[in-house]
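To start, the structure itself, in C-alpha cells.
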Amino acid sequence: MLLYILSSTLFICLSAFWYYKDQSRALENDQYYKLQHLADTLSQNIIKAHMKGIELQKPRFDTTVTAALINLDNKLTMGKLMGGFEVTQAGYFTHHDYTVLVTDAVQEHLGIKYVILQSNTLSGQIADLQHQIWFAVALSIIIMSLLAWILSRIFMKPIHQRIKQVEDFVRDTTHELNTPITALSMSVSRALSKHSYDPKILTNISISTKQLYNIYHSLSYLSFDSKQNQSIPLDLCEALHKSVAYYKELAQSKHITIEISCDSFSFVMDPMKLEMLFGNLINNAIKYSAPHSKITLTLADGNFTIQDQGIGIEPQKLSKIFERFHRQTDYAGGFGIGLSIVKQICDAYALDISIDSFPNQGTTFCINFNAAGSH
C-alpha cells in the first residue's frame with residue numbers, strides 16, 4: 001500500500017506540475033497579448049493625433065493596467081512607472097510583481113519614444129493558480145490515500161484471515177500436542193512409581209500415543225513433500241473395521257458405543273489415504289459426541305455412512321466445514337484440518353461426500369464410492 005501511495009503521489013505531483021506550467025504559460029500569453037493590444041491602440045492614437053494635429057485620445061484601460069509615456073529625452077511625460085521600473089529598451093519584462101510592456105511602435109510621433117504598459121494581475125493569477133493546484137493536489141492525495149486504505153482493507157482481508165487462521169492453527173496445534181504429551185508423561189510417571197503396569201495406565205498411554213500419531217499423520221499429509229503411495233484394490237469393510245478398532249480405546253474413554261454394519265466392497269485406493277479418510281471421520285465423531293452416546297457406521301453397496309449423536313452443526317455454517325483451519329466450535333479442541341483432509345481425499349478419488357446435521361441432534365456424513373467406480 002505504501003508503494004501504491006508513493007507512486008500515486010509522485011504521479012499526482014508530476015501531473016500538477018505539468019498542469020501548472022501549461023496554465024501559467026497560458027496566463028502569461030494572455031497577459032502579453034492584452035498589453036500588446038492596448039499598447040498598439042495607444043500608439044495608433046498618438047500617431048493619429050500627430051498626423052492630424054488633433055488632441056490625443058487616451059484609450060480606456062481597466063484599473064489593473066497603467067500606462068506611461070517616455071519622450072525623446074527619456075523623461076516621463078504621462079503616467080507613472082510602478083515599482084521604480086527604469087526604461088532602457090523596448091521589450092516585455094517582469095519587474096517585481098508587475099509585467100511591463102515597452103514598445104517603440106509610436107515612432108517618435110508627438111516626441112514620444114516609448115509607450116509603457118504595466119499590470120500586476122499576472123502575479124495574482126499565478127498565485128491563485130498555485131493555491132488551486134496545491135489544494136487539488138492535497139485533496140487528491142487525501143482521496144487517493146483514503147481509497148488505498150479502503151481497498152487495502154477489502155483486498156487484504158482474506159490475507160489477514162488466512163494469517164489469523166495460521167496463527168490459530170499454530171496455537172491449537174501446541175494445545176493439541178500438549179494434551180497427549182501431558183497424559184503420556186503422567187501415565188509413565190504413575191507406572192514407574194507403582195512399579196507395575198495396570199490396564200488403565202496402558203490404555204492412557206495407548207490413547208495419547210495414537211493422538212500424537214494422528215496429529216503427526218495429518219501434518220505430514222498437509223506438507224508439500226508428502227509421498228504418494230500406490231493405489232491398490234482394498235476391501236472397504238476390512239479397512240473400516242481396522243479404523244474402528246484403532247479408535248476403540250478413545251471411544252471407550254468417553255463411554256461411546258460404536259455400531260458397525262458393513263458389506264464387503266472393493267475399491268482401488270491408496271491404503272494410507274483410506275485410513276485417513278475413515279480415521280478422521282471416526283475421530284471427529286468421537287470428539288464431538290457426548291459421553292454415553294452412540295456412533296453408527298454403515299457400508300452397503302458402496303455407500304458409506306457415519307452418524308453420531310453429537311452437538312451438530314448450524315445450517316448456515318455447513319458450507320465452511322471443509323475449509324482448512326476452519327473450526328465451527330471450541331467444544332472439543334482440534335485445529336480444523338481433519339475434514340479438510342477428508343474433502344481433499346474425496347476430491348482426489350472423485351468421491352461424492354454429503355453432510356446432514358442439526359444442532360444438538362448429531363451429524364451424518366455420507367460417501368458414495370460408486371460415483372468413482374468399484375471393482
Side-chain angles (χ1 to χ4, degrees), residues 6-52 54-145 147:
L6 290 176
S7 59
S8 299
T9 300
L10 179 61
F11 175 76
I12 291 173
C13 291
L14 288 175
S15 299
F17 175 76
W18 293 328
Y19 178 78
Y20 168 75
K21 295 295 290 185
D22 181 69
Q23 291 298 309
S24 60
R25 190 178 298 109
L27 290 174
E28 290 173 359
N29 290 335
D30 288 344
Q31 181 75 340
Y32 171 78
Y33 289 120
K34 176 182 178 181
L35 294 181
Q36 184 68 56
H37 173 70
L38 293 175
D40 289 343
T41 302
L42 180 55
S43 297
Q44 290 173 5
N45 288 349
I46 293 173
I47 294 173
K48 182 179 179 181
H50 183 251
M51 296 294 291
K52 294 184 177 183
I54 59 176
E55 185 180 356
L56 175 63
Q57 298 291 325
K58 299 178 182 178
R60 292 184 179 182
F61 301 132
D62 57 42
T63 56
T64 62
V65 179
T66 59
L69 300 178
I70 300 294
N71 62 18
L72 299 177
D73 296 327
N74 291 323
K75 301 293 184 181
L76 183 67
T77 61
M78 188 187 79
K80 61 180 179 178
L81 297 177
M82 310 300 294
F85 179 74
E86 295 182 359
V87 180
T88 58
Q89 61 181 356
Y92 184 69
F93 311 95
T94 299
H95 181 73
H96 298 307
D97 292 334
Y98 289 87
T99 51
V100 183
L101 177 67
V102 180
T103 177
D104 56 4
V106 69
Q107 298 178 0
E108 300 183 356
H109 288 280
L110 292 182
I112 304 300
K113 185 178 182 180
Y114 294 119
V115 173
I116 303 100
L117 292 177
Q118 296 172 291
S119 175
N120 62 353
T121 57
L122 181 60
S123 60
Q125 290 174 336
I126 295 294
D128 290 341
L129 176 64
Q130 291 175 345
H131 293 154
Q132 292 172 4
I133 290 177
W134 279 117
F135 176 78
V137 168
L139 183 61
S140 298
I141 292 175
I142 292 174
I143 294 175
M144 179 269 299
S145 300
L147 288 175

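Count residues from 1 along the sequence.
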Open item on the list: Quiz question: by atom type and distance under 3.5 Å, do the side chains of Gln132 and Asp128 form a donor-acceptor pair?
Closed with: no

Open item on the list: Rounded at 0.5 Å granularity, tell me how far CG in Asn45 sits from CG in Asp40.
Closed with: 11.0 Å

Task: Minimum side-chain heavy-atom gap Leu6-Leu10 below 4.5 Å - done: no

Open item on the list: Quick one, Asn74 and Lys113 - any side-chain contact, counting heavy atoms below 4.5 Å?
Closed with: yes

Open item on the list: Quick one, Leu81 and Gln118 - any side-chain contact, counting heavy atoms below 4.5 Å?
Closed with: yes

Open item on the list: Could you check whether any side-chain heavy atom of His37 comes within less than 4.5 Å of a side-chain heavy atom of Tyr33, counting everything from C-beta outward?
Closed with: no

TODO: State, yes or no, whether a side-chain contact exists between Ile126 and Tyr20 at a heavy-atom distance under 4.5 Å.
DONE: yes

- [ ] For residues Val65 and Leu38, report the shortest heavy-atom separation together with the two atoms involved.
- [x] CG1-CD1, 4.0 Å

- [ ] For Asp97, look at atom CG and say whether over 12 heavy atoms of other residues, nucleotides or ligands are found less than 6.0 Å away.
- [x] no

Task: Audit row: Leu110, Leu69, side chain to side chain contact (heavy atoms under 4.5 Å, CB included) steps and yes/no - done: CA-CA 11 Å; Leu110 292 182; Leu69 300 178; over 6 Å; no

TODO: Can you sort out the partners of Thr121 under side-chain contact (heavy atoms from CB on, under 4.5 Å), two or more places apart, ordered by chain and number?
DONE: Gln31, Thr64, Ser119

TODO: Look up atom CD in Gln130 and atom CD in Gln23, then write down how far apart they are to the nearest 0.5 Å.
DONE: 13.0 Å

Task: Considering all heavy atoms, the nearest Ala49-Leu56 contact - done: CB-CA, 3.8 Å

Open item on the list: Can you confirm whether Thr66 sits close enough to Met82 that some side-chain heavy atom of one is under 4.5 Å from a side-chain heavy atom of the other?
Closed with: yes

TODO: Could you tell me the separation between the OG atom of Ser8 and the CG atom of Leu147, rounded to the nearest 0.5 Å?
DONE: 10.0 Å

Open item on the list: To the nearest 0.5 Å, what is the distance between NE2 on His109 and CD1 on Ile47?
Closed with: 4.5 Å

TODO: Rounded to the nearest 0.5 Å, what's the gap from CZ on Phe85 to OG1 on Thr94? Could you check?
DONE: 10.0 Å

Open item on the list: Looking at every non-hydrogen atom in both residues, tell me the closest pair between Thr9 and Met144 and how far apart they are.
Closed with: OG1-CE, 3.5 Å

Open item on the list: Donor-acceptor pair, distance only, cut-off 3.5 Å: does the side chain of Asn29 make one with the backbone of Arg25?
Closed with: yes

Open item on the list: Counting C-beta onward and ignoring hydrogens, is there a side-chain heavy-atom pair between Ser15 and Phe11 closer than 4.5 Å?
Closed with: yes

Task: Closest approach of Val115 to Ser43 (non-hydrogen atoms, all atoms of both residues) - done: CG2-OG, 3.8 Å

Task: Plane angle bin for Tyr92 and Tyr32 - parallel if under 30°, tilted between 30 and 60°, otherwise perpendicular - done: perpendicular

Open item on the list: Within the structure provided, determine whether Ile70 and Val102 are in side-chain contact (heavy-atom separation under 4.5 Å).
Closed with: no

Task: Main-chain N/O of Lys75 paired to Asp73 side chain as donor or acceptor, under 3.5 Å - done: no

Task: Distance (rounded to the nearest 0.5 Å) between Tyr114 OH and Thr103 OG1 - done: 10.0 Å

